[in-house]
There are 2 protein chains.
Amino acid sequence: MTTETSHDTTLSPTLEGVAALAGVSSSTVSRVINGSPQVTEQTVARVNDAIARLGYVPNRAARSLVRRRTQMIAMVIPERTAEFFADPYFAEVIQGAAMYASSTDYSLTLLIESESAPEKTHQFLRRGNVDGALILSHFSASSAYLELSRSIPVVFGVRPTGDIDAEIHIVDVDNTAAAALATQHLIDRGRTRIATISGPLDTSAGRERLEGWRATITAAGLVPGACEEGDYTPSGGAAAARRLLDSTTPFDAVFIASAQMAAGALVVLNERGLEVPGDVAIATLDNNAFSTNTSPQLTTVDLHTADKGAAMVEKLVELIQGGTIDPVTLVPIELVTRDST
Amino acid sequence: MTTETSHDTTLSPTLEGVAALAGVSSSTVSRVINGSPQVTEQTVARVNDAIARLGYVPNRAARSLVRRRTQMIAMVIPERTAEFFADPYFAEVIQGAAMYASSTDYSLTLLIESESAPEKTHQFLRRGNVDGALILSHFSASSAYLELSRSIPVVFGVRPTGDIDAEIHIVDVDNTAAAALATQHLIDRGRTRIATISGPLDTSAGRERLEGWRATITAAGLVPGACEEGDYTPSGGAAAARRLLDSTTPFDAVFIASAQMAAGALVVLNERGLEVPGDVAIATLDNNAFSTNTSPQLTTVDLHTADKGAAMVEKLVELIQGGTIDPVTLVPIELVTRDST
DNA sequence: CTGAAAGCGCTTACAG
DNA sequence: CTGAAAGCGCTTACAG
């Protein structure tokens with residue numbers, strides 16, 4: 001069985017309609033709507049009354065056509081959406097961005113970067129479909145970033161690869177500081193042989209987190225333990241934990257560069273009969289389901305990821321409206337102590 | 001330090017520009033772009049050539065204004081975005097929807113339903129901002145659904161509350177069948193005393209999953225075990241597991257209505273020293289991080305949630321384009337056997 | 001098969 | 001302070 005639904009195309013009232021009811025010209029109505037200061041108080045009242053009675057809402061397309069503004073911003077995400085959305089980190093960024101956007105006049109649209117035809121995505125972005133873009137995806141070619149930034153306002157949530165010296169705007173956390181915060185906590189708990197499971201070392205975030213761990217340990221007069229590289233996934237964390245355990249270097253704590261990896265590592269530690277935090281203390285980054293849905297729950301650094309998403313939109317809107325912003329905006333971080341340390 | 005970036009407003013080529021280069025009128029260019037059959041092959045070639053050389057892309061706003069189409073569809077999500085995005089189920093729906101949308105001419109925009117001012121959301125939706133809406137949020141008042149469905153094409157991903165007899169379109173899984181599939185698997189494994197941790201029983205999905213469990217057990221000539229209600233979260237699952245364990249009814253298996261709850265329940269079973277699947281077998285629903293990031297990994301029914309998101313967009317587009325679709329579209333499900341049974 | 005013209009619903013100089 | 005007019009970039013009857 002199928003159904004056919006017809007939609008009553010109740011054409012919403014137009015500017016002209018409001019003008020007629022208010023007894024003014026549509027120019028005046030337009031001025032009132034756009035808050036022009038040069039309209040009599042009386043006229044404003046009359047127009048607003050008419051607007052309210054008609055339930056008038058400006059036509060977006062018409063406005064967009066003349067203003068050359070779309071009131072849309074794109075969130076550019078990688079083509080591998082399955083992996084992307086599986087990471088609670090990105091879901092949280094989107095959440096914060098969507099939430100903040102809803103308090104503005106801008107709509108947020110999800111734009112999947114086509115890897116087979118990146119040109120398509122760039123075209124879309126440059127051709128006036130959006131007023132600005134939020135980049136959560138590493139474009140195939142980093143030069144594409146620059147080009148895009150020249151066409152429309154762009155805010156990055158991931159560091160572009162390659163060395164970009166052009167003026168770009170980034171919202172991020174201080175990865176080094178976050179890693180240092182977690183590592184210092186381990187030291188404060190009396191641990192002296194601290195290993196790490198790092199993120200991918202071909203990303204700046206991965207390297208910075210590693211550096212924060214190393215520098216903090218060294219600054220405390222200790223010797224950095226072993227390091228195994230992970231890929232931010234639970235299984236990657238588990239594999240790294242196995243390598244750590246199989247190596248000859250003993251350790252009494254491990255700083256793990258993401259909660260997802262920590263969750264995976266914890267399973268391995270349990271399998272090997274190691275107590276957490278008795279035998280091994282764990283501190284990680286990201287305060288999400290992966291740091292609370294474990295036993296014991298994990299001590300972590302809350303990266304305030306939703307705030308990051310919100311800040312990305314906030315900064316982009318400032319840029320769109322012609323404002324100037326810092327090249328780098330850092331989102332505050334916070335240590336959350338739980339039972340794994 | 002702040003930076004000021006100026007964007008070269010390289011006005012993209014216009015219809016007129018293409019027309020000039022091709023030596024035809026803009027009407028003809030428009031016809032070619034829109035695939036009108038009544039244009040000479042030669043002309044088509046010449047116009048397409050000009051389009052390619054200029055990198056011309058139609059102006060969305062202008063087209064939208066005259067066509068009274070926006071090429072935008074809204075995904076309406078609840079105001080409690082944090083909880084919403086924390087549930088991998090919804091992240092997966094969005095993922096599938098975004099992915100499918102990117103293969104169409106429609107852009108997907110995330111619209112957060114304002115609970116304090118639901119009128120605002122409805123207004124936005126009805127005022128021609130979008131060509132159609134995908135509903136993943138229970139509107140405060142169910143009558144609002146009907147109203148909305150009368151204004152624009154709407155596809156639901158959640159069952160509206162209250163009894164709606166109007167013509168609405170839903171994309172969903174067969175919850176009863178999914179629960180039955182998981183439960184039957186438990187029976188096939190030789191379990192005879194099967195308890196359940198249900199979803200919220202004030203939702204139809206929760207009730208259907210419970211009913212699938214009950215009916216399957218009864219049909220096998222067994223007696224349904226105890227039932228504890230959960231809220232789809234890990235902690236809710238853990239609490240329900242505790243109640244189950246503290247009751248006097250013994251059980252050798254439990255059907256848990258979501259992987260998130262199962263992950264929480266598993267922690268409790270471990271704490272109490274129960275072996276899975278030795279002492280208790282577990283089967284659940286949802287094939288995501290919560291069913292694989294556990295030890296043992298969970299036998300589950302894959303609800304193909306990303307496919308559901310894709311199907312929602314697919315059906316909505318059919319509706320927008322004037323087609324007729326079934327009132328209910330069911331997404332196929334699949335049993336995935338792992339180590340918990 | 002193709003072009004000239006009107007119109008989609010706004011905004012904004014330009015006059016007054 | 002307000003109105004008439006032009007124009008944003010398209011699509012689509014209407015002629016030919």
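Chain A is the first sequence line, chain B the second, and so forth, proteins listed ahead of strands; every chain is numbered from 1. As the structure is a computational prediction, the values presented were derived from the model and not from experiment.
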Side-chain N,O (A/Thr43) to OP1/OP2 (D/dT2) below 4.0 Å: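 Yes.
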Strand DNA chain D in bracket notation, Watson-Crick/G-U under 3.5 Å with | for pairs to another chain: |||.||||||||.|||
Integer-rounded Å distance: [N] [atom2] and [X] [atom1]:
X       : N      : atom1 : atom2 : value
A/Glu16 : D/dG3  : CD    : P     : 12 Å
A/Arg69 : D/dG9  : CZ    : P     : 15 Å
B/Arg46 : C/dC1  : CZ    : C1'   : 12 Å
A/Asn59 : D/dG9  : CG    : C1'   : 14 Å
B/Arg60 : C/dC10 : CZ    : P     : 19 Å

Residue whose nearest DNA chain C nucleotide is more 5′ - B/Leu65 or B/Gln38: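 So the residue in question is B/Gln38.
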Judged by modelled atom types alone, do [X] and [Y] share a side-chain donor-acceptor pair under 3.5 Å?
X        : Y        : answer
B/Arg53  : B/Asn48  : no
A/Thr121 : A/Glu113 : no
B/Ser107 : B/Arg60  : yes

Min side-chain heavy-atom separation A/Ile325-A/Leu319 under 4.5 Å: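 Sidechains of A/Leu319 and A/Ile325: in contact.
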Nearest-neighbour nucleotide for the A/Ser25 side chain, D/dG3, C/dC1, D/dC1 considered: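 It is D/dG3.
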Side-chain donor/acceptor of B/Asp131 to backbone N/O of B/Arg69, under 3.5 Å: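 Checked: no pair found.
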Sugar-phosphate, base or nothing in reach of A/Ser64, heavy atoms under 4.0 Å: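 Nothing, no heavy atom under 4.0 Å.
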Base-contact (B) and sugar-phosphate-only (S) positions in nucleotides 11-16 of chain D, heavy-atom cut-off under 4.0 Å, - elsewhere: BBB---
Residues A/Asn34, A/Arg67; criterion side chain to side chain donor-acceptor pair (under 3.5 Å); working and verdict: CA-CA 12 Å; A/Asn34 294 296; A/Arg67 283 195 187 162; 2.6 Å; yes
Taking every non-hydrogen atom, the tightest pair across A/Met72 and A/Asn129: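 The pair with the smallest heavy-atom distance is CB-O, 4.0 Å.
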Rounded distance (nearest 0.5 Å) linking atom CG of B/Leu111 with atom CG of B/Leu134: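 Rounded to the nearest 0.5 Å, the CG-CG separation comes to 11.5 Å.
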side-chain contact (heavy atoms from CB on, under 4.5 Å) evaluation trace for A/Lys308 with A/Tyr89: CA-CA 10 Å; A/Lys308 171 174 167 171; A/Tyr89 180 85; 3.0 Å; yes
